Amino acid sequence: MPLTIDQQLASAAAFEILAATPDVTNTGNTVVTGGNVGVFPAASIIGFPPGVIASPGVKHAADTTAGTAQTDAMAAYTVFNNLAGAVTEPGDLGGLTLGPGVYAPVGAIIGITGTLTLDGQGNPNAQFIFQIPAALTTASGPSASTVKLINGAQAGNVIWLVQ
């Protein structure tokens with residue numbers, strides 16, 4: 001049986017935000033819920049406060065926990081990025097409804113304008129993996145970009161690989 005996303009991520013699964021360099025920077029009143037915020041090998045996490053990391057999440061800046069998570073994340077990235085059989089989608093994913101699978105949107109910069117719906121098709125273990133070549137941008141403003149999960153789709157089973 002293939003590994004679940006959490007199993008593949010190993011210790012990195014405990015992070016909501018994990019970066020390498022130059023830092024993690026937040027602007028505004030962001031609330032991070034469900035996990036840690038970390039950076040390694042860089043050591044700078046900026047913007048908390050005004051941002052909030054809700055308990056039990058904590059900051060990990062250039063410590064052993066962040067280093068191990070970074071190693072695990074890179075190993076998982078390699079596995080997810082090398083998955084074959086990716087379905088090609090347009091550069092803007094807004095307005096689409098997608099089932100489980102591996103997706104390789106066209107273009108260097110991929111956008112979400114409006115709502116992208118991910119349909120688990122009744123399977124709470126359904127995986128959605130997006131292989132994005134350069135950048136992921138979202139529209140600004142209230143509800144300008146939304147990822148909607150339906151029919152059993154779980155946020156923990158969605159991977160955004162941005163190179």
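Keep in mind the model is a prediction, meaning the values are calculated, not measured.
Not counting sequence neighbours, the partners of Phe15 by the ring pair (Phe, Tyr, Trp, His ring centres under 6.0 Å) test are His60. Here Thr71 pairs with nothing under the side-chain contact (heavy atoms from CB on, under 4.5 Å) rule; sequence neighbours left out. The side chain to side chain donor-acceptor pair (under 3.5 Å) search around Asn81 returns Gln163, not counting sequence neighbours. Residues passing the side-chain contact (heavy atoms from CB on, under 4.5 Å) test with Val106, sequence neighbours excluded: Thr88. Listed by chain and residue number, Ala20, Thr21 satisfy the side-chain contact (heavy atoms from CB on, under 4.5 Å) test with Pro41 (two or more places apart in sequence, or in another chain). Thr117 pairs by the side chain to side chain donor-acceptor pair (under 3.5 Å) definition with nothing, not counting sequence neighbours. Legend: residues meeting ring pair (Phe, Tyr, Trp, His ring centres under 6.0 Å) with Tyr103, ordered by chain and number and at least two apart, are Phe130. In this view, Thr137 satisfies the side chain to side chain donor-acceptor pair (under 3.5 Å) rule with no residue, not counting sequence neighbours.
The heavy-atom pair separating Leu149 from Ala155 by the smallest distance is CD1-N, 3.3 Å. Closest non-hydrogen pair, Pro100 versus Phe128, comes out as N-CE2, 3.4 Å. Of all non-hydrogen atoms in Ala134 and Val162, the two that sit nearest each other are O-CG1, 3.4 Å. For Thr4 against Gln127, the heavy-atom pair with the smallest separation is CA-NE2, 4.0 Å. The two residues Ala69 and Ser11 come nearest to each other via the heavy atoms CA-OG, 3.2 Å. Of all non-hydrogen atoms in Ala61 and Ala43, the two that sit nearest each other are CB-O, 3.4 Å.
By the rule that hydrophobic residues join a cluster once side-chain heavy atoms approach within less than 4.5 Å of another member, Leu96 and Leu136 end up as members of one cluster. By the criterion of side-chain heavy atoms lying less than 4.5 angstrom apart, applied directly or through intervening Ile, Leu, Val, Met, Phe, Trp or Tyr residues, Ile132 is not grouped with Leu83; the two fall into different hydrophobic clusters.
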Audit row: Val102, Val87, side chain to side chain contact (heavy atoms under 4.5 Å, CB included) steps and yes/no:
CA-CA 6 Å; Val102 179; Val87 175; over 6 Å; no

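Among pairs with a residue in residues 29-52, those fulfilling side chain to side chain donor-acceptor pair (under 3.5 Å) read Asn26-Thr30, at least two apart in sequence or across chains. Residue pairs meeting the side chain to side chain donor-acceptor pair (under 3.5 Å) criterion with at least one partner in residues 147-162, sequence neighbours excluded, are Asp119-Asn151. Counting only residues at least two apart or on different chains, the side chain to side chain donor-acceptor pair (under 3.5 Å) pairs with a member in residues 91-101 are Asp92-Thr113.
Separation of atoms CG (Leu98) and CG (Leu116) is listed at 5.5 Å; rounding is to 0.5 Å. Rounded to the nearest 0.5 Å, atoms CD1 (Ile129) and CD (Gln8) are 9.0 Å apart.
With hydrogens and angles ignored, the 3.5 Å screen pairs no side-chain donor or acceptor of Gln131 with any backbone N or O of Ala104.
Clustering of Ile, Leu, Val, Met, Phe, Trp and Tyr side chains at separations under 4.5 Å places Val32 together with Ile17, Val24, Val37, Val39, Ile45, Phe48, Ile53.
For the pair Ile5 and Phe80, the minimum side-chain heavy-atom distance is below 4.5 Å. Side-chain contact between Pro105 and Leu93 is present, with heavy atoms from C-beta onward closer than 4.5 Å.
Environment of CD1 in Ile150: crowded, with over 12 heavy atoms of neighbouring residues, nucleotides or ligands closer than 6.0 Å.
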